[in-house]
Visitor: 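Have a look at this one.
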Protein chains: 2
Amino acid sequence: MRKDSRLSRVLHILVHLGAIDRPVTSEKMAEMISTNPVVVRRTMALLREANYVTSTKGHHGGWKLAKPLADITLLDIHNALGEGSIFTIGLTDEHSECVIEQAVNVALKDVMNEAEALMLKRFGQITLNQLGADRIFSYLNDV
Amino acid sequence: MRKDSRLSRVLHILVHLGAIDRPVTSEKMAEMISTNPVVVRRTMALLREANYVTSTKGHHGGWKLAKPLADITLLDIHNALGEGSIFTIGLTDEHSECVIEQAVNVALKDVMNEAEALMLKRFGQITLNQLGADRIFSYLNDV
DNA sequence: ATATATGTAACTACAAAAGTTTCATGATAA
DNA sequence: TTATCATGAAACTTTTGTAGTTACATATAT
């Protein structure tokens, strides 16, 4: 099933943005994640609506962070991208009259809810500035 | 994104199978889950390969459980359906040279692995015979 | 023999992200 | 004020795997 890689891609972009002081164009960002500028704008527009980034047109225009990386969690970005379910597993018609079908769906839903809650909790505990800080730090020491 | 409802559907079918003593045709099962017999066979074939059901052709043929519901967990069925990721969230190219991209992917993967482990653990704790047993019991008392 | 079922191949439909093309709009620089 | 640069947005096509469908071969019980 096709994966939604917008979260991974846009996090990558945001961490780069945090290290650059001037506006970055969607053209440059598209290079970072090997895609098309329009794809970038589409996703970044969702973050702008949620006030995590700003965009300016024209000469020296582009995208900037609206707040420090330390003030943004993975959960914030995940939520800004929309509400779609995080699971590929779907339930059958929930309006079924069949008690067995209802029971199956309740069991699956309970487990999925628990797993999703854990995931969102963890996402909420990670801010973008601490994203792999240890790895990047050790990399800088090597150069 | 399109959901994979095979787990939900096939669990529904299996619990019914546990309550019926004779072989059930894919035609009847298709009615249970409002679909086509071929769709049913396709999914049931995966369970047969994993030895959870048997099928017989011809007159009075159909599908039967190969073992009691009590000996099958949700995890067993989940595994029998294949190995695809349970998450709609995907990571970008994991062979990237970019340290930031790597760090983002590690963070996401860690969280997703933890959530998946919890989910699979729960699936392994639920056998098909106890699937909503309390609900079905209370339903029977009401009739 | 005949009716009944599965087994399987070869399609089409669908949904949502991703990719692409194109052009309007606005901002800066010269 | 004009050329250039950048976003904004519409209108597509592509992609990928489940789901749905049609058709037919094969095996089995009566």
Side-chain angles (χ1 to χ4, degrees), chain A residues 1-10 12-13 17 20 22-49 53-64 66 78 80-93, chain B residues 1-10 12-13 17 20 22-49 53-64 66 78 80-93:
Chain A
M1 205 160 305
R2 168 158 274 210
K3 297 295 191 58
D4 180 353
S5 61
R6 289 178 304 164
L7 180 60
S8 173
R9 288 173 138 188
V10 87
H12 177 187
I13 288 174
L17 272 191
I20 303 175
R22 53 189 187 286
V24 177
T25 66
S26 36
E27 177 100 28
K28 287 289 177 196
M29 298 183 195
E31 277 173 37
M32 292 179 192
I33 60 173
S34 306
T35 183
N36 191 295
V38 177
V39 173
V40 170
R41 285 186 211 131
R42 211 141 54 187
T43 305
M44 292 297 286
L46 296 173
L47 302 193
R48 183 186 49 220
E49 284 166 25
V53 295
T54 57
S55 64
T56 54
K57 293 180 173 182
H59 262 288
H60 301 143
W63 301 79
K64 284 197 309 185
H78 172 74
L81 294 183
E83 61 299 307
S85 164
I86 61 169
F87 295 108
T88 57
I89 296 176
L91 305 184
T92 54
D93 170 31
Chain B
M1 206 162 303
R2 170 158 273 212
K3 297 294 193 59
D4 180 353
S5 60
R6 290 178 305 162
L7 180 61
S8 172
R9 288 173 137 188
V10 87
H12 176 185
I13 288 174
L17 272 191
I20 303 176
R22 54 190 187 284
V24 176
T25 65
S26 38
E27 177 99 29
K28 286 289 177 194
M29 298 185 197
E31 279 173 35
M32 292 179 193
I33 61 174
S34 307
T35 182
N36 191 293
V38 177
V39 173
V40 170
R41 284 184 214 135
R42 214 144 48 189
T43 306
M44 292 297 287
L46 296 173
L47 302 194
R48 184 186 49 220
E49 284 167 24
V53 295
T54 58
S55 63
T56 54
K57 294 180 173 181
H59 261 289
H60 301 141
W63 301 79
K64 284 198 308 186
H78 172 74
L81 294 183
E83 60 300 306
S85 165
I86 61 170
F87 296 109
T88 57
I89 297 176
L91 304 183
T92 54
D93 171 31

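Here is how names work: the chains are called A, B, and so on, in the same order as the sequence lines, proteins then strands, and each is numbered from 1. From a predicted model like this one, the values you see are computed outputs, not experimental measurements.
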Visitor: Is there any side-chain hydrogen bond (donor to acceptor under 3.5 Å, both in side chains) pair reaching into residues 28-38 of chain B, and which pairs are they, with sequence neighbours excluded?
Guide: none
Visitor: Closer than 4.0 Å, any side-chain N/O of B/S5 to the OP1 or OP2 of D/dT18?
Guide: no
Visitor: Given the rule in the side chain to side chain contact (heavy atoms under 4.5 Å, CB included) test, do B/L47 and B/L81 qualify, once you have shown the distances and angles that lead to the verdict?
Guide: CA-CA 7 Å; B/L47 302 194; B/L81 294 183; 4.1 Å; yes
Visitor: Rounded to the nearest angstrom, tell me the gap between atom CZ in A/R9 and atom P in C/dA17.
Guide: 12 Å
Visitor: Let's see if you get this right: which residues in residues 26-34 of chain B place a heavy atom under 4.0 Å from DNA chain D?
Guide: none
Visitor: Please report the shortest heavy-atom distance between A/H60 and A/P23, naming the atom on each side.
Guide: O-CG, 3.6 Å
Visitor: Side-chain donor-acceptor pair under 3.5 Å between A/T43 and A/R6, yes or no?
Guide: no
Visitor: Of all the nucleotides listed (C/dA5, C/dG7, D/dA9), which has the minimum atom distance to the side chain of B/R48?
Guide: C/dG7
Visitor: Generate the contact string for nucleotides 21-30 of chain D. Rules: B means base contact, S means sugar-phosphate contact only, - means no protein heavy atom under 4.0 Å.
Guide: BBB--BBBBS
Visitor: In chain order, what residues pass the salt bridge (Lys or Arg N to Asp or Glu O under 4.0 Å) check against B/R41, with sequence neighbours excluded?
Guide: none
Visitor: So how far is it from A/T25 OG1 to A/W63 CH2, rounded to the nearest 0.5 Å?
Guide: 11.0 Å
Visitor: Once side-chain contact (heavy atoms from CB on, under 4.5 Å) is applied, do any residues pair with A/K57, and if so which ones, sequence neighbours excluded?
Guide: none
Visitor: Nearest-Å distance, NZ (A/K3) to P (D/dT18)?
Guide: 12 Å
Visitor: Tell me the interatomic distance from A/E49, atom CD, to D/dG8, atom C1', rounded to whole angstroms.
Guide: 12 Å
Visitor: Where do B/V10 and B/V40 land on the side chain to side chain contact (heavy atoms under 4.5 Å, CB included) test, with the steps shown first?
Guide: CA-CA 8 Å; B/V10 87; B/V40 170; over 6 Å; no
Visitor: Find the distance B/K64:NZ to C/dT6:C1' and express it as a whole number of Å.
Guide: 15 Å
Visitor: Nearest whole Å is fine: how far is D/dT16 P from A/D4 CG?
Guide: 15 Å
Visitor: Roughly how many Å is it from CE in A/M44 to P in D/dA6, rounded to a whole number?
Guide: 15 Å
Visitor: Going by side-chain contact (heavy atoms from CB on, under 4.5 Å), name the residues that satisfy it together with B/T56, two or more places apart in sequence or in a different chain.
Guide: none
